[in-house]
Amino acid sequence: MKKLFSEILGTRVMTENGETIAIIFDVLIDPDNGSVVAFSVLFGFRRVIIPLDIREWFREVIVSDADVIVDPFEVIRVKKILERNIFFLKNRVYSKNGRYLGRVFDLEIDLEQMFLIKIFVAKNFLGFVHFDERIIAFSDIIEVHADRIIVKNDAGFEKVVNRKTEMVAG
């Protein structure tokens, strides 16, 4: 199942007996290989859920119990990525030849494989109006830094007309 992060944001986390224990606020992705490392259930990654602890994903995320919500610094892989301070959402994107393409405003994630598939990038006006939107496959990303993402030269990137239509077609 593929989902946009904008659709995942705000998803309830529930125990198997139906108790709501958290809400998803953010996602942590390994910049080196695109794997989803954790989902934040408090602002600023103060508490996280590791994908291995997710039993099922329907409209809600189902976990065994509240003990799966942990401090991110208890999980070495999560801690290492947080210390690098590299995030995809809102990061600036440049082509290899230095052309500014915009900022990441959404992500497409494969929830079965827990892997980043695509980033959605757009320039914006006054922080509100998106224009020149593009879809960039994770395979087209060359490097990810704290302040920028470098992608292959942009000649072949899909222009976004309707994110849902593009996701289904791609």
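The first residue in the sequence is number 1, and the count goes up from there.
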Asks: Among all residues two or more places apart in sequence or in another chain, which pass the side chain to side chain contact (heavy atoms under 4.5 Å, CB included) test with Asn17?
Replies: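 Listed in chain order: Thr15, Glu19.
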Asks: Indicate if Ile141 and Leu89 have the same hydrophobic cluster label, given that clusters are the connected sets of ILVMFWY residues with side-chain heavy-atom separations under 4.5 angstrom.
Replies: yes
Asks: With sequence neighbours left out, write down each residue that passes ring pair (Phe, Tyr, Trp, His ring centres under 6.0 Å) with Phe73, or none if nothing qualifies.
Replies: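 Ring pair (Phe, Tyr, Trp, His ring centres under 6.0 Å) check on Phe73 returns nothing, list empty.
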Asks: With a 4.0 Å cut-off, would you call Lys152 and Asp140 a salt bridge?
Replies: yes
Asks: Run the side-chain contact (heavy atoms from CB on, under 4.5 Å) check on Asn153 and Arg99 step by step: do they pass?
Replies: CA-CA 8 Å; Asn153 289 336; Arg99 183 169 174 237; over 6 Å; no
Asks: Please find the pair of heavy atoms, one from Arg134 and one from Leu101, that lie closest to each other, and give the distance.
Replies: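 Closest approach of Arg134 to Leu101: NE-CD2, 4.1 Å.
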Asks: Look up atom CD1 in Ile23 and atom OG1 in Thr11, then write down how far apart they are to the nearest 0.5 Å.
Replies: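 Here the rounded value is 9.0 Å.
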Asks: Which heavy atom in Phe43 sits nearest to a heavy atom in Arg46, and how many Å separate them?
Replies: O-NE, 3.3 Å
Asks: If you measure from CZ on Phe87 to CG on Asp26, what distance do you get to the nearest 0.5 Å?
Replies: 7.0 Å
Asks: State the CE-CD1 distance between Met14 and Ile62, to the nearest 0.5 angstrom.
Replies: 5.5 Å
Asks: Following the transitive rule for hydrophobic clusters with a side-chain heavy-atom cut-off under 4.5 Å over Ile, Leu, Val, Met, Phe, Trp and Tyr, establish whether Val93 and Phe5 coincide in one cluster.
Replies: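 Yes, same cluster.
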Asks: Is a side-chain N or O of Ser35 found less than 3.5 angstrom from the main chain of Val37, in a donor-acceptor match?
Replies: no
Asks: Same cluster or not: are Phe25 and Ile50 linked, directly or through other Ile, Leu, Val, Met, Phe, Trp or Tyr residues, by side-chain heavy atoms under 4.5 angstrom apart?
Replies: no
Asks: Do the charged groups of Asp106 and Lys3 touch, with an N to O distance under 4.0 Å?
Replies: no
Asks: Would you say that Ile117 contacts Lys2 through its side chain, given a criterion of any heavy-atom pair below 4.5 Å between the two side chains?
Replies: yes
Asks: As an exercise, state the distance from CD1 of Ile49 to CG of Leu28, rounded to the nearest 0.5 Å.
Replies: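 The distance works out to 13.5 Å.
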Asks: Taking the side chain as C-beta and beyond, is there a heavy-atom pair between Val104 and Ile149 under 4.5 Å?
Replies: yes
Asks: Would Ile54 and Phe39 satisfy side-chain contact (heavy atoms from CB on, under 4.5 Å), going step by step from the backbone distance to the final call?
Replies: CA-CA 10 Å; Ile54 295 173; Phe39 290 98; 4.0 Å; yes
Asks: Keeping Arg92 on the side-chain end and Arg103 on the backbone end, is there a donor-acceptor pair under 3.5 Å?
Replies: no
Asks: Do side-chain atoms of Glu83 reach the backbone of Lys80 as a donor and acceptor pair under 3.5 angstrom?
Replies: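 No, because the side chain of Glu83 does not come within donor-acceptor range (under 3.5 Å) of the backbone of Lys80.
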Asks: Are Val27 and Ile8 side-chain neighbours, meaning at least one heavy-atom pair lies under 4.5 Å?
Replies: no
Asks: Of the non-hydrogen atoms in Ile21 and Asp65, which two are nearest, and what is the gap between them?
Replies: CD1-O, 4.1 Å
Asks: Is Ile109 reachable from Trp57 through a run of I, L, V, M, F, W or Y residues, each pair having side-chain heavy atoms under 4.5 Å apart?
Replies: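 Yes, because Trp57 and Ile109 connect within a single hydrophobic cluster, where side-chain heavy atoms sit under 4.5 Å apart.
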Asks: Between Asp32 and Arg84, is a salt bridge (charged side-chain N to carboxylate O under 4.0 Å, His left out) present by the stated rule, with each step listed?
Replies: CA-CA 11 Å; Asp32 298 327; Arg84 290 172 63 188; 2.9 Å; yes
Asks: Heavy atoms only: give me the nearest Tyr100-Lys123 pair and the separation to one decimal.
Replies: O-CE, 3.3 Å
Asks: Check whether any side-chain N or O of Glu112 sits under 3.5 Å from a backbone N or O of Met1 as a donor-acceptor pair, and report yes or no.
Replies: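 Indeed, once roles are kept as given, a pair shorter than 3.5 Å links the two residues.
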Asks: So, are Glu16 and Arg55 salt-bridged, with charged N and O less than 4.0 Å apart?
Replies: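 Yes.
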Asks: Using ring centroids (six-membered ring only for Trp), state whether Phe115 and Phe138 fall under 6.0 Å.
Replies: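 Aromatic pair counts; centres sit under 6.0 Å.
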Asks: Supply the atom-to-atom distance Leu116 CG to Leu107 CG, rounded to the nearest 0.5 angstrom.
Replies: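 Leu116 atom CG to Leu107 atom CG measures 5.5 Å (nearest 0.5 Å).
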Asks: Just wondering, do Val151 and Ile142 contact through their side chains at under 4.5 Å, heavy atoms?
Replies: no
Asks: Do Val61 and Ile24 come close enough that some side-chain heavy atom pair is under 4.5 Å?
Replies: yes
Asks: Measure the CD1-CD1 distance between Ile86 and Ile29 for me, rounded to the nearest 0.5 Å.
Replies: 12.5 Å
Asks: Could you state whether Ile119 and Met114 fall into the same hydrophobic cluster, counting links through intermediate Ile, Leu, Val, Met, Phe, Trp or Tyr residues with side-chain heavy atoms under 4.5 angstrom apart?
Replies: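 Per the 4.5 Å side-chain linkage, Ile119 and Met114 are co-clustered.
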Asks: Between Val41 and Val48, is the side-chain contact (heavy atoms from CB on, under 4.5 Å) condition met? List the steps.
Replies: CA-CA 5 Å; Val41 294; Val48 298; 5.9 Å; no
Asks: What closest approach, in Å, do Ala38 and Val78 show between heavy atoms, and which atom pair accounts for it?
Replies: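 Nearest pair, atom of Ala38 first, then Val78: CB-CG2, 4.0 Å.
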Asks: Indicate the atoms forming the closest heavy-atom contact of Ile81 with Pro31, along with that distance.
Replies: CG2-CD, 4.2 Å
Asks: Please find out if less than 6.0 Å separates the ring center of Phe120 from that of Phe88.
Replies: no
Asks: For side-chain contact (heavy atoms from CB on, under 4.5 Å), just list the numbers for Asp71 and Glu74, CA-CA rounded to whole Å, side-chain angles, deciding distance to a tenth of an Å, and then say yes or no.
Replies: CA-CA 6 Å; Asp71 182 308; Glu74 292 177 9; 3.7 Å; yes
